[in-house]
A.B. asks: 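If you scroll down you'll find the structure; I have some questions about it.
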Amino acid sequence: ARSRMHFSEYAALGEGYIRVAVESEDVEEARSWLKRIEDVYPDYHALGDLRQVVAWLAARNDAGGIGKKRRFLGGLVK
């Protein structure tokens, strides 16, 4: 059995955690996982989308918009 996770698996797992954080409107958790992915796998294919979504969530939070639910699907906010 493997004792370690491949960096690409870790990044994909982190992306999932970011999606959960966005759905639960947890800006700090989303930022934390984004930083982890950036540190471990800076070439991860979805980093651009994840940065946009985390920035959107942070701006929405700063503007007092948290509480107005939107859906985060497939790397895009709808």
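If you read the sequence from its start, that first residue is 1, and numbering goes on from there. Computed from a predicted model, the values in this text were never measured in an experiment.
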A.B. asks: Taking only Lys NZ, Arg NE, NH1 and NH2, and the carboxylate oxygens of Asp or Glu, determine whether Lys35 and Glu38 approach each other closer than 4.0 Å.
C.D. replies: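 No, no charged N to carboxylate O under 4.0 Å.
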A.B. asks: Working to the nearest 0.5 Å, report the span between CG of Leu57 and OG of Ser24.
C.D. replies: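 If I round to the nearest 0.5 Å, the distance is 8.5 Å.
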A.B. asks: Hey, what do you get for CG (Asp39) to OH (Tyr10), rounding to the nearest 0.5 Å?
C.D. replies: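 Rounded to the nearest 0.5 Å, the CG-OH separation comes to 8.5 Å.
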A.B. asks: Say you draw a straight line from CG of Leu13 to NE2 of His6; how long is it, rounded to the nearest 0.5 Å?
C.D. replies: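 Here the interatomic distance stands at 14.5 Å.
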A.B. asks: Where is the tightest heavy-atom contact between Ala21 and Ala30, given as atom of each residue plus distance?
C.D. replies: CB-N, 3.6 Å
A.B. asks: For Glu29 and Trp33, does a side-chain donor sit closer than 3.5 Å to a side-chain acceptor?
C.D. replies: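 Trp33 and Glu29 do have a side-chain donor-acceptor pair below 3.5 Å.
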A.B. asks: With heavy-atom distances below 4.5 Å as the criterion, would you say the side chains of Val20 and Asp26 are in contact?
C.D. replies: no
A.B. asks: Which residues pass the side-chain hydrogen bond (donor to acceptor under 3.5 Å, both in side chains) test with Tyr44, not counting sequence neighbours?
C.D. replies: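 Scan of Tyr44 (side-chain hydrogen bond (donor to acceptor under 3.5 Å, both in side chains), adjacent residues dropped) gives Glu15.
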A.B. asks: Just how far is it from atom CD1 of Ile37 to atom OH of Tyr17, taken to the nearest 0.5 Å?
C.D. replies: 11.5 Å
A.B. asks: What is the distance from atom CD1 of Ile18 to atom CD of Glu23, rounded to the nearest 0.5 Å?
C.D. replies: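 Going from the CD1 atom of Ile18 to the CD atom of Glu23 covers 13.5 Å.
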A.B. asks: Going by salt bridge (charged side-chain N to carboxylate O under 4.0 Å, His left out), name the residues that satisfy it together with Glu9, two or more places apart in sequence or in a different chain.
C.D. replies: Arg2
A.B. asks: State, with a plain yes or no, whether a side-chain heavy atom of Trp56 is found less than 4.5 Å away from one of Val22.
C.D. replies: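 Yes, at least one pair of side-chain atoms sits under 4.5 Å.
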A.B. asks: Take Leu47 and Leu34 through the test side-chain contact (heavy atoms from CB on, under 4.5 Å) and record every step on the way to the result.
C.D. replies: CA-CA 8 Å; Leu47 264 178; Leu34 180 62; 3.7 Å; yes
